[in-house]
Amino acid sequence: MEKAITRMAEGIGLERPRGLSAEDFERLVPEHQRRIHRVLMSVTRDTDLAETLTQECFIRAYRCRERYRGEASVETWLLRIAVNLAIDHRKSARHTFWERMRVWRRGQEGGVSARDEADPGTSVEETLVTRESAREVWEAAGGLPTRQRIVFSLRFGEEMSLEEIAETAQMEVGTVKAHLYRAIGALRKRLGERRP
Amino acid sequence: MNENHLTDDELAGVVVGAPSRRASDHLASCESCRTEESRMRSELKGFSEEYARQGERPEVFWAKQRAAVHARIERRRTVLWRLTWSTAAAATIMLGYLHFRSPASQPAPVVQDADQALLLDVERSLRRPVPAALEPAMILAAEIDRMASIEQVNEKGETQ
Ligand SMILES: [Zn+2]
C-alpha cells in the first residue's frame, strides 16, 4: 500500500492520495509497529512509556489519516508522529516529581532490562565483552539530549539516510549533521572516560 | 600530514557518511586516524546491535499491541457513531418541534375554523327574522309601536 501511495504521489502529478481509509490503516499497524516501538524505546529508554507512545502514535495517525497527503512515505509520517510524541512527552514530564522519581528508581535498579542470553557459536567471555561494550554505548547514548538521541537512533539504529532523518525530524540536513556530530563527540568523551 | 589529524567533527562526518574531501585524503595516509575511525565504527556497531536487542519482543507482545490499538480505534468509532446518531436524533426532534410550533405552519386548522365559523354565521343569519345589521332599527320600531299603543289606551281613557 505504501508503494502504491508513493507511486501515486511520485507519478506525473495527476493526483495525490487523499488520506488513508480505515482499511488501509488496519494494515499499517503490523507493518510498522516494531520500528516505531524500537525508535521510541531508544528515545524514551522506558519500556512502558515506549509501549504507551507506540499505541498513541497509531491512534493519532488514525485520527489524522484523512489528512495524509503522501508528501512523505507512510513510514516517515508515522515516525514523525512518534518522534513528536516523544518530544512532547519529554517537555511535559521533565519537571514532574514522578518522572524524576521514576528515573531515580531505574538508576537504583540498574537500568533497562535486556536479554542477556549468549549467542551460540561465540565463547561466553567474548560474548560478554562484546555485549558489555555494546551496552556501554547504548547506555551512553541514553544520556544524550532528546533531539540528539532521536537523530542518533534514526541514523545508527534505523540506518536512515541524513535526508530521511531530516524529513522525519523536520529539520534541515545541516541541523541533522550538527546534532549527530555533537552526539558522537559527547559519546566519544563519555566512552573515553570509561576506558582504562 | 600526520600533524594535522582529523578533528572530532571531521571524524564524525566520516562515520556519519558525509566525509569531507580532506578527511578522505587524510585517512588514506594516516594510520592513527584510521584506528580511531575503526574504533568509532565498532562502538557504533555495538550501539546498533544493542538497539535491535532492546527492541526485541515476543510475538505475543506485538499481537497484544495490535489488539490494544484496534480496541481503541473501535471504541473511538463507536463513540463517534453514537455521537452522530444522537446529534441526528436531536436535530430531528428540534426540527419537528419547530415545524409544528411555527405560525406559518398552522394555516390548515385556521382555515378549518374559519370555514366552520362562516357556516355557523350563515346558519344564524338564516334563523334571524331580520338581518343582523337592521336589528337596532327593529328594536327602535318596536319601542315606538309600544309607546304609540300606550298613548292610544290613555287617549281612550281620557275620552271615556
Ligand atoms: Zn591522522
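Every chain is numbered from 1 and lettered A, B, ... according to where its sequence line falls, protein lines coming before strand lines.
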Engineer: For the candidates A/Glu136, A/Arg63, A/Arg182, A/Arg35, which exhibits the highest count of non-hydrogen atom pairs separated by less than 4.5 Å from chain B?
Structural biologist: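 If we count pairs closer than 4.5 Å to chain B, A/Arg63 comes out on top.
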Engineer: Which distance, rounded to the nearest 0.5 Å, do you find between the CG of A/Leu191 and the CD of B/Glu43?
Structural biologist: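 If we round to the nearest 0.5 Å, A/Leu191:CG and B/Glu43:CD are 4.5 Å apart.
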Engineer: Looking only at non-hydrogen atoms, find the nearest pair between A/Tyr181 and B/Gly13 and report the distance.
Structural biologist: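 The answer is OH-CA, 3.3 Å.
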Engineer: Based on non-hydrogen pairs under 4.5 Å, which of A/Arg155, A/Gln55, A/Arg34, A/His37 is most in contact with chain B?
Structural biologist: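 Heavy-atom pairs under 4.5 Å are most numerous for A/Arg34.
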Engineer: Relative to chain A, which segment of B/Glu36 carries a heavy atom at a distance below 4.5 Å: side chain, backbone, both, or neither?
Structural biologist: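 Contact with chain A is through the side chain of B/Glu36 alone.
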Engineer: Taking C-beta and beyond as the side chain, do A/Trp138 and B/Tyr51 meet within less than 4.5 Å on heavy atoms?
Structural biologist: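 The answer is yes; the side chains approach within 4.5 Å.
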Engineer: Side chain from CB out, backbone as N, CA, C, O: work out which of these in A/Leu40 comes under 4.5 Å of a heavy atom of chain B, or both, or neither.
Structural biologist: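 Neither part.
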Engineer: I'd like to know if the side chain of B/Arg66 and the backbone of A/Pro30 have a donor-acceptor N/O pair within less than 3.5 Å.
Structural biologist: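 The answer is no, because no donor-acceptor pair under 3.5 Å joins these two groups.
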Engineer: Quick check for you: to the nearest 0.5 Å, what is the distance between A/Tyr62 atom OH and B/Arg76 atom CZ?
Structural biologist: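 Separation between the atoms: 7.0 Å.
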Engineer: Tell me, do A/Ser133 and B/Phe47 make a side-chain contact under 4.5 Å, heavy atoms counted?
Structural biologist: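 No, too far: nothing below the 4.5 Å cut-off.
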Engineer: Is it the case that over 12 heavy atoms from other parts of the model lie below 6.0 angstrom from the CZ atom of A/Arg147?
Structural biologist: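 Check fails, neighbour count at 12 or below.
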Engineer: Tell me, out of B/Ala63, B/Gly46, B/Ala52, who's got the most heavy-atom pairs with chain A below 4.5 Å.
Structural biologist: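 Highest number of heavy-atom pairs under 4.5 Å: B/Gly46.
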Engineer: So does A/Glu172 have more than 12 non-hydrogen atoms from other groups sitting under 6.0 Å from CD?
Structural biologist: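 Incorrect, the count does not exceed 12.
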Engineer: Does the side chain of B/Glu50 reach to within under 4.5 Å of the side chain of A/Arg131, using non-hydrogen atoms?
Structural biologist: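 Touching, per the 4.5 Å side-chain cut-off.
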Engineer: Quick one: does A/Gln33's side chain have a donor or acceptor within less than 3.5 Å of a partner on B/Trp62's backbone?
Structural biologist: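 Checking the backbone N and O of B/Trp62 against the side chain of A/Gln33, a donor-acceptor pair under 3.5 Å is found.
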Engineer: Do the side chains of A/Phe58 and B/Ile73 get nearer than 4.5 Å, heavy atoms only?
Structural biologist: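 SC-SC contact between B/Ile73 and A/Phe58 ruled out.
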Engineer: How many angstroms lie between CG in B/Leu44 and CZ in A/Phe152, if you round to the nearest 0.5 Å?
Structural biologist: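 One gets 5.0 Å once the value is rounded to the nearest 0.5 Å.
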Engineer: Looking at B/Glu56 and A/Arg38, does any basic side-chain N land under 4.0 Å from a carboxylate oxygen?
Structural biologist: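 Salt bridge flag = no for A/Arg38 with B/Glu56.
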Engineer: Is a donor from one side chain sitting under 3.5 angstrom from an acceptor on the other, for A/Glu51 and B/Gln65?
Structural biologist: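 There is such a pair between these side chains.
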Engineer: Check whether any side-chain heavy atom of A/Arg188 lies under 4.5 Å from a side-chain heavy atom of B/Asp8, and answer yes or no.
Structural biologist: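 The answer is yes; the side chains approach within 4.5 Å.
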Engineer: Measuring from A/Thr130:OG1 to B/Glu49:CD, what's the distance to the nearest 0.5 Å?
Structural biologist: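 The CD atom of B/Glu49 is 7.5 Å from OG1 of A/Thr130, to the nearest 0.5 Å.
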Engineer: At a 4.5 Å cut-off on heavy atoms, which part of A/Ser153 comes close to chain B: side chain, backbone, both, or neither?
Structural biologist: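 When you check distances to chain B, atoms from both the backbone and side chain of A/Ser153 fall under 4.5 Å.
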Engineer: Using a 4.5 Å cut-off on heavy atoms from C-beta on, say whether the side chain of B/Arg53 contacts that of A/Arg135.
Structural biologist: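 A/Arg135 vs B/Arg53: side chains apart.
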Engineer: Let me know if A/Glu159 has heavy atoms under 4.5 Å from chain B in its side chain, its backbone, both or neither.
Structural biologist: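 For A/Glu159, the contact with chain B is made by the side chain alone.
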Engineer: Flag the pair B/Asp9 / A/Lys177 as yes when at least one side-chain heavy-atom distance between them is below 4.5 Å, and no otherwise.
Structural biologist: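 No - every pair of side-chain heavy atoms lies 4.5 Å or more apart.
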Engineer: Locate the shortest heavy-atom distance separating A/Ile59 from B/Val69; write the atom from each residue and the value.
Structural biologist: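 Scanning both residues completely, I find the closest heavy atoms to be CD1-O, 3.9 Å.
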Engineer: Assigning hydrophobic clusters by single linkage (Ile, Leu, Val, Met, Phe, Trp, Tyr; side-chain heavy-atom cutoff under 4.5 Å), is A/Leu53 placed with B/Phe61?
Structural biologist: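 No, A/Leu53 and B/Phe61 fall in different hydrophobic clusters.
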Engineer: I'd like to know whether B/His70 forms a side chain to side chain contact (heavy atoms under 4.5 Å, CB included) with A/Val29, so could you lay out the CA-CA distance, the side-chain angles of the two residues, the decisive distance to 0.1 Å, and finally the verdict.
Structural biologist: CA-CA 9 Å; B/His70 186 79; A/Val29 185; over 6 Å; no
